[in-house]
Amino acid sequence: MAVVSEVRDLGRHVGESVTVRGWVDTKRSHGKVAFLVVRDGTGIVQNVLVRNQVSAEDWDAFESLTQESSVRVTGTVRAEPRAPGGYEMALEKLDVVSIADEYPIQPKEHGIDFLLDHRHLWLRSSQQRAILRVRHEIEQAIHDFFYARGFVRIDTPILTGAIGEGGAGLFQTDYFGEKAYLAQTGQLYVEAAAAAFGKVYCFGPTFRAEKSKTRRHLTEFWMVEPEMAWYDSEDNMRLQEEFVSYLVERALERCRDELALLERDTTLLERVTPPFPRIDYSEAIRLIQSQGSETQWGQDLGGGDETIIANAYDRPVFVYNYPKAAKAFYMKENPADPRTVLCDDLLAPEGYGEIIGGSQREDDYDRLLARIREEGLPEDAYGWYLDLRKYGTFPHSGFGLGIERTVAWICGRKHIREASPFPRLLNRLYP
RNA sequence: UCCCGCGUAGCUCAGCUGGUAGAGCAGACGGCUGUUAACCGUCGGGUCGCAGGUUCGAGUCCUGCCGCGGGAGCCA
C-alpha cells in the first residue's frame, strides 16, 4: 500500500511509490506517452503515463479526465528537471474520484466580471492562491506581533447600535424590532478595553454602506485596530512603523515563492524599514499645491493628492495633524494648534493610498461631548463611550490598518478585490 | 449619486464610410513516445445585452433601459 503524500513533500519520497490526491490541472497526450498534472493545494505534480506500461483501464481513465476532475494518483517519485517542481511521478494507478463538468475557467485571460461571478472556482488559480496565502501569512504576523508585545486581543461586536465613525455609511438591520447596524469599526470598544488591559487590539470584519466604486474600496473589509493606554500620537506613529515593517518583512521571508509567482518587485518592499518619513498636514498641502493640486488648507486630501505625496518617498509616509473638520469626532485637539487634531494617515507607496488611519483620542469629557453635538451624532448612543472619560480618563491612542489594502500593496495587485477570498462589492453579493 | 468607457459563440476578442456573422481558446472525433497554456487535422457551436426609432436594409447610426468596468466623492 503506497504512502499518501502531499505534493510539497514529494522530494522526501524519491524512489518510493506514493499516492497524491487532488484535482486535474492540465493534461497532455502524445499518443503513447501522456502527462497528467495534479494540484493538491500544496503544489502541482506531473504524472507520466506510458501506454504500454500502464493498464488499459488506467489509460482509458486518463482519456476520460476533464480539467478539475478529482483523482487519486499512485506512482513512483523521481527527480526530473523537466517537470514543474523538479519531481514527477511514474503513474502506476489512476483512481478517478469524480469527472468534472466542463470547467468554465481556462488557463487564459478572462474578464473581471466573469471571474468574480466564478470566484468560488477562481480561488483555485495559482495567482489567487498566492495572494490568499500572503493574506494568511500577514494575518498570522499581526497576531504574532501583538502577542509578542503583550497586547490582549478583544473581539468587538459586529451588531451595534447607532455608533461608529460618523453619520453615513451604516448597514442597517433589524434587531428584534430595534434598529441595529453592522460595525464600521471596533475602535470605540477597544478604547473601553484599553482601560481594562492597557494594550489591546481587535481583528475582524467591518462594514461600510458607501457606494464606492474604486480599486481601494470594499463594502466589507477586515481591519486590525490596536488601542494603547498612555500612548501619545508620537508613540502611536512609532508603533505603526514597526508594525508595518514587520508585516512586510514576514511576507518577504515566508512568501518568497508567492511574491515571485505574482511577479512582485520585492526591492520596493525591502526598503520598508523604520523610521518612515513624516510630514504634517500643512507641509503636505504646500507639497501637493506645488504639484498642481487644487486642494486648499482645511480640506481632506484626495486620492490624487495622496499619490503625489507617496511618490515623493521610497517607503510609506505619515501625514499627521489634519484639520479638525476633515477628521472624526473622537480625535484629540492639538494643544499647539487647536485648528488641528493629533492624528496620522499612513500612505503606502506606489499609489496604494491610505493603509492606516490613527489618532490620539479626545480624553476630555466636555470637549468630546461638544464634538459629538457639533457632528449631530445621537448623543444617547454615545453615553457609554462618554463614560470612559468620566471614570478615570487617560491619554490613549490607536489606529486601524486595512487588511485588504495592505495585502494588495504587498502583492502588487492593482485592485483590493483580489485580496479578499469572497469580496463584497457594490452590487455583488454572490458568490 | 455624478462623469467616462464597454456589452458580438462557453471564454477572450475582430467585424472599415450601414449590405445580412468571423478567429483563437474550450468541447467532440482522429493522429503523434518527453510535453510544459504541447502540436497537427476535421466537426458542431450565435435572439450581436433588452426595448424602441431612422433606413430598401442595422452588429454597425439615434433614444431609453439594464448589466459591467474605470474614476470622483467617502474612507481603511
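Here is the naming used below: chain letters follow the sequence lines, and residue numbers restart at 1 for every chain. When reading the values below, keep in mind they use all heavy atoms of this one structure, side chains included, and skip hydrogens, waters and symmetry mates.
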Once you apply a heavy-atom cut-off of 4.0 Å, does A/H110 come out as touching a base, just sugar-phosphate, or nothing? sugar-phosphate
Between B/rA76 atom P and A/D345 atom CG, what is the distance in whole Å? 7 Å
Say whether, by atom type as modelled, one donor and one acceptor occur between the side chain of A/Y313 and the main chain of A/F318 under 3.5 angstrom. no
Is A/F221 stacked on the base of B/rA76, meaning ring centres closer than 5.5 Å and planes within 30 degrees of each other? yes
Nearest-angstrom distance from the residue atom CG of A/L261 to C1' of B/rU36: 15 Å
Under the 3.5 Å rule, do the base of B/rC74 and the side chain of A/H217 count as making a donor-acceptor pair? yes
Applying the Watson-Crick and G-U criteria (both distances under 3.5 angstrom) with [ ] for crossing and | for other-strand pairs, one obtains for RNA chain B (((((((..((((.....[..)))).(((((.......))))).....(((((..]....))))))))))))....
Below 4.0 Å: OP1/OP2 of B/rG70 and any side-chain N or O of A/R417: yes
Under 4.0 Å between any heavy atoms, over every strand shown, what does A/E354 touch: base, sugar-phosphate, or nothing? Just pick one. sugar-phosphate
Looking at A/K213 and B/rG69, is any side-chain donor or acceptor paired with a base atom of the opposite kind under 3.5 Å? yes
pair A/S397-A/S359: side-chain heavy atoms closer than 4.5 Å: no
Please tell me which of the listed nucleotides, B/rC25, B/rG70, B/rG27, lies nearest to the side chain of A/E102? B/rG27
Is there a side-chain polar atom (N or O) of A/R51 under 4.0 Å from OP1 or OP2 of B/rU33? no
Contact class for A/E63 (heavy atom, under 4.0 Å): base, sugar-phosphate, or nothing? nothing
Okay, side chain of A/R315, backbone of A/T273: is any donor-acceptor separation there less than 3.5 Å? yes
Does A/N427 put a side-chain nitrogen or oxygen below 4.0 Å from OP1 or OP2 of B/rC68? yes
Sugar-phosphate, base or nothing in reach of A/I105, heavy atoms under 4.0 Å: nothing
At under 4.0 Å between heavy atoms, what does A/H118 touch on the DNA or RNA strands: base, sugar-phosphate, or nothing? nothing
Report which part of the nucleic acid A/P104 touches: base, sugar-phosphate, or nothing (heavy-atom distance under 4.0 Å, all strands). nothing
Is the shortest heavy-atom distance from the side chain of A/I356 to the side chain of A/E354 under 4.5 Å? no
Between atom CD in A/Q46 and atom C1' in B/rA37, what is the gap in whole Å? 14 Å
With heavy atoms under 4.0 Å as the rule, sort A/G353 into base, sugar-phosphate or nothing. nothing
Contact class for A/Q67 (heavy atom, under 4.0 Å): base, sugar-phosphate, or nothing? nothing
With a cut-off of less than 4.0 Å, is there a side-chain N or O of A/R28 near OP1 or OP2 of B/rU35? no
Looking across every strand, which nucleic acid part, if any, lies under 4.0 Å from A/D101 by heavy atom: base, sugar-phosphate, or nothing? nothing
Using a heavy-atom cut-off of under 4.0 Å over every strand shown, decide if A/D300 touches base, sugar-phosphate, or nothing. sugar-phosphate
Nucleotide B/rG69, atom C1' - distance to CD1 of A/I416 in whole Å: 16 Å
N/O donor-acceptor pair, side chain A/S212 with base B/rC74, under 3.5 angstrom: yes
Which part of the nucleic acid does A/E404 contact within heavy-atom distance under 4.0 Å: base, sugar-phosphate only, or nothing? nothing
Per A/S29 side chain, nearest of listed nucleotides B/rG27, B/rC32, B/rA76: B/rC32
